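Since this is a predicted model, take the numbers as computed values, not measurements.
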Amino acid sequence: LLLWALTREIRGLAMMASALEQGEHIEKVLTRFRIWDKRKALTKNALTRAKAKDLHTMLVQAAGVDRTIKGAAPGNRWDELLGLSLRLAGRSVLT
């Protein structure tokens, strides 16, 4: 459920970032994607932090996390979720 929610947010941000890169105005994008007023500042912040390419890379990472959760790939599911969450937040994984 956690991965599903993260992936949904990343997918939405990726679509919005693509629209912005094609020259669409930020307010129009937020309206088209039905972003609530309370979430607009957070969404704008995320869109200034990550470009469409970065967000698509996160979707690929999310697919890897899904494989780990399902046991089809090695790794710790919680560490993988943490890594994806931190990347979305613009932070790096602690080494």
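- The main-chain N or O of Ala52 is found under 3.5 Å from a side-chain atom of Glu21 such that the two form a donor-acceptor pair.
- Note: the hydrophobic cluster containing Leu86 does not contain Leu55 (ILVMFWY, side chain heavy atoms under 4.5 Å, direct or indirect links).
- For the residue pair Pro74 and Thr68, the shortest heavy atom distance occurs at O-OG1, 3.6 Å.
- Residue Arg49 comes nearest to Leu88 through the heavy atom pair NH2-O, 3.0 Å, listed as atom of the first residue, atom of the second, then distance.
- The distance from atom OG of Ser85 to atom CD of Glu80, rounded to the nearest 0.5 Å, is 11.0 Å.
- When side chains are defined from C-beta on, Leu6 counts as touching Leu81, because their heavy atoms get closer than 4.5 Å.
- Criterion: ILVMFWY side-chain heavy atoms under 4.5 Å apart, direct or through other members. Under it, Ile10 and Leu2 are part of a common hydrophobic cluster.
- Trp78 and Val65 fall within a single hydrophobic cluster, where Ile, Leu, Val, Met, Phe, Trp and Tyr are joined by side-chain heavy atoms under 4.5 Å apart, directly or via other members.
- The two atoms that bring Ala19 and Val29 nearest to each other are CB-CG2, 3.9 Å, heavy atoms only.
- Residues Gln61 and Gly83 share a closest heavy-atom pair of NE2-C, 3.8 Å.
- No continuous path of hydrophobic side-chain contacts links Leu20 to Leu42 [ILVMFWY only; heavy atoms under 4.5 Å].
- Counting heavy-atom neighbours within 6.0 Å of Arg39 CZ, excluding the residue itself, gives a total of 12 or less.
- Distance check: Ser18 OG to Lys53 NZ gives 13.0 Å after rounding to the nearest 0.5 Å.
- Expressed to the nearest 0.5 Å, how far OG1 of Thr43 lies from NZ of Lys38 amounts to 14.0 Å.
- Counting only distance, with no hydrogens or angles, the side chain of Arg87 and the backbone of Leu82 share no donor-acceptor pair below 3.5 Å.
- The closest donor-acceptor contact from the side chain of Asp79 to the backbone of Asn76 lies at 3.5 Å or more, if one exists at all.
- From Ile69, atom CD1 reaches atom CG of Leu3 across 4.5 Å, with rounding to the nearest 0.5 Å.
- The OG1 atom of Thr57 sits 14.0 Å away from the NZ atom of Lys51 when rounded to the nearest 0.5 Å.
- Annotation: Lys40, atom NZ; neighbour count of heavy atoms from other residues, nucleotides and ligands within 6.0 Å is above 12.
- In this structure, Trp4 and Thr7 have side chains that are not in contact, with every pair of non-hydrogen atoms separated by 4.5 Å or more.
- Residues Arg32 and Glu24 have side chains in contact (heavy-atom distance under 4.5 Å, counting atoms from C-beta outward).
- Here Arg11 contributes atom CZ and His56 contributes atom NE2; the two are 10.5 Å apart, rounded to the nearest 0.5 Å.
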